[in-house]
Protein chains: 2
Amino acid sequence: MSKTARTASVTPLLGEGDDVGTVAKFFRALGDPSRLRLLEFLLDGEHSVSDCVAHIGLSQGRVSTHLACLADCGYVRARREGRWCYYRVADPRVAELVMLARALAADNGAALAACERIDGPEPHRDRA
Amino acid sequence: MSKTARTASVTPLLGEGDDVGTVAKFFRALGDPSRLRLLEFLLDGEHSVSDCVAHIGLSQGRVSTHLACLADCGYVRARREGRWCYYRVADPRVAELVMLARALAADNGAALAACERIDGPEPHRDRA
DNA sequence: TGAACATATTCGCCAAAGCAGATATTATGC
DNA sequence: GCATAATATCTGCTTTGGCGAATATGTTCA
């Protein structure tokens, strides 16, 4: 369902024309703690897959998939060298994005941490 | 919540001091198409809950929860007026964040859309 | 008081997606 | 060729979380 030119008013800043689902997917890639940690590790510099495995402590398969996901989304780029595969951040704006999110999140840390609408209400529901 | 294994990475550009899980949560809030659409709608200006319901076409309960979630995360702020509740974007940096993500996502639109690691590879998946 | 309205919360259902472990692929060396 | 190492993909299992519908809370007015 394409709704053409909804308002055209006060939002020259955002397209609204392009796919919201795609951008949501883009955000969702960083919505997982493991991937975000991987990305931050790579913001530190180029690292091989096994470096990443050692750093975050997940299974090799999981890490490989996470890195591939970050690469698909354009956050990082892979460089093959023999049997090794090195990943590095693909665009300097990625650091900007993360820093901006950090700043915003920090300004609302308390409420964010308490937000039960994301991440489950509690271990188990016990009505009172 | 799981233990966020205390990354000892050397990351001068990013705070690193604060919890990765919290920032991931922050990103995750925009990782849902419905919430992202709501946020974009609010970037257009202040709107009531029922305005939002009419705009995105989800159930009233869902919209209310999504808005509360965005508020918890600090993206928007609520203003009560009688029976109505108006939501508006809480910080100008939110627009920056979304625009930056849009720009990055646009530069990698093809691969991002094709990324099956998020959103399902599946036999025959179908998306709205 | 109660009815009508706007919003918030709860409930069961089910798809999306994280995880480890097994396996497949590719590259190097013997 | 075979063995080994580094990475990629597949297979189940389990949790997270979005959804509508029902319900609860709160507000205004008669």
Side-chain angles (χ1 to χ4, degrees), chain A residues 20-21 24-25 27-38 47-73 76 78-87 115-128, chain B residues 1-5 20-21 24-25 27-38 47-54 56-73 76 78-87 115-128:
Chain A
V20 181
K25 209 174 183 179
F27 276 120
R28 196 147 70 254
L30 298 193
D32 175 65
S34 302
R35 275 194 300 263
L36 188 55
R37 289 222 294 148
L38 276 172
H47 291 290
S48 70
V49 176
S50 27
D51 278 349
C52 293
V53 171
H55 185 252
I56 69 168
L58 292 178
S59 71
Q60 181 272 319
R62 248 331 52 218
V63 171
S64 178
T65 301
H66 277 322
L67 288 171
C69 176
L70 288 172
D72 280 351
C73 293
V76 302
R79 176 176 66 87
R80 263 236 124 91
E81 192 173 310
R83 293 181 275 206
W84 294 271
C85 194
Y86 296 97
Y87 284 87
C115 174
E116 294 182 337
R117 291 165 231 275
I118 287 185
D119 229 28
E122 262 166 60
H124 53 86
R125 48 194 64 194
D126 192 23
R127 307 227 2 144
Chain B
M1 288 285 186
S2 52
K3 64 281 172 75
T4 13
V20 180
K25 207 173 183 179
F27 275 120
R28 196 148 69 254
L30 299 192
D32 175 64
S34 301
R35 275 193 298 263
L36 188 54
R37 288 223 297 149
L38 276 172
H47 292 289
S48 71
V49 175
S50 27
D51 279 348
C52 293
V53 171
I56 68 168
L58 292 178
S59 71
Q60 181 271 321
R62 258 312 71 209
V63 172
S64 177
T65 301
H66 278 321
L67 288 171
C69 176
L70 288 172
D72 280 351
C73 293
V76 302
R79 178 175 65 88
R80 266 233 123 90
E81 191 173 311
R83 294 181 274 207
W84 294 271
C85 193
Y86 296 97
Y87 283 87
C115 174
E116 294 182 335
R117 291 164 229 278
I118 287 186
D119 230 25
E122 278 321 298
H124 34 70
R125 251 283 51 87
D126 200 46
R127 333 186 336 97

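Values reported hereafter were calculated over all heavy atoms of this structure, with side chains retained and with hydrogens, waters and symmetry mates removed. Below, chain A is the first sequence line, B the second, and so on; all start at residue 1.
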- Task: In whole angstrom, give the distance that lies between atom CD1 of A:Ile56 and atom C1' of C:dC19.
- Result: 12 Å
- Query: Residues in salt bridge (Lys or Arg N to Asp or Glu O under 4.0 Å) with A:Asp51, at least two apart?
  - Reply: none
- Between CG of A:Leu58 and P of C:dA17 the distance, given in whole Å, is 18 Å
- Task: Only counting residues at least two apart or in another chain, list the ones meeting salt bridge (Lys or Arg N to Asp or Glu O under 4.0 Å) with B:Asp32.
- Result: none
- Item | Residues in salt bridge (Lys or Arg N to Asp or Glu O under 4.0 Å) contact with A:Arg62, at least two apart in sequence or another chain | none
- Query: Could you give the CZ-to-P distance, from B:Arg79 to C:dA6, as a whole number of Å?
  - Reply: 16 Å
- Message: When you measure from the side chain of B:Arg35 to the backbone of B:Leu30, do you find a donor-acceptor pair of N or O atoms at a distance under 3.5 Å?
- Response: no
- Task: Could you tell me whether the phosphate oxygens of D:dG17, OP1 or OP2, come under 4.0 Å of any side-chain nitrogen or oxygen in B:His66?
- Result: no
- Task: Assign a letter to each nucleotide of nucleotides 6-14 of chain D from its 5' end: B, base within under 4.0 Å of a protein heavy atom; S, sugar-phosphate only; -, no contact.
- Result: SBBB-----
- Set of residues satisfying salt bridge (Lys or Arg N to Asp or Glu O under 4.0 Å) with respect to B:Arg83, sequence neighbours excluded: none
- Please name all residues satisfying side chain to side chain contact (heavy atoms under 4.5 Å, CB included) with A:Ala68, sequence neighbours left out, ordered by chain then number. B:Arg117
- Note on the structure: When rounded to whole Å, the CZ to P distance for the pair A:Arg28 and D:dG18 reads 10 Å
- Task: Could you tell me the separation between the CZ atom of A:Arg37 and the P atom of C:dC19, rounded to a whole number of Å?
- Result: 10 Å
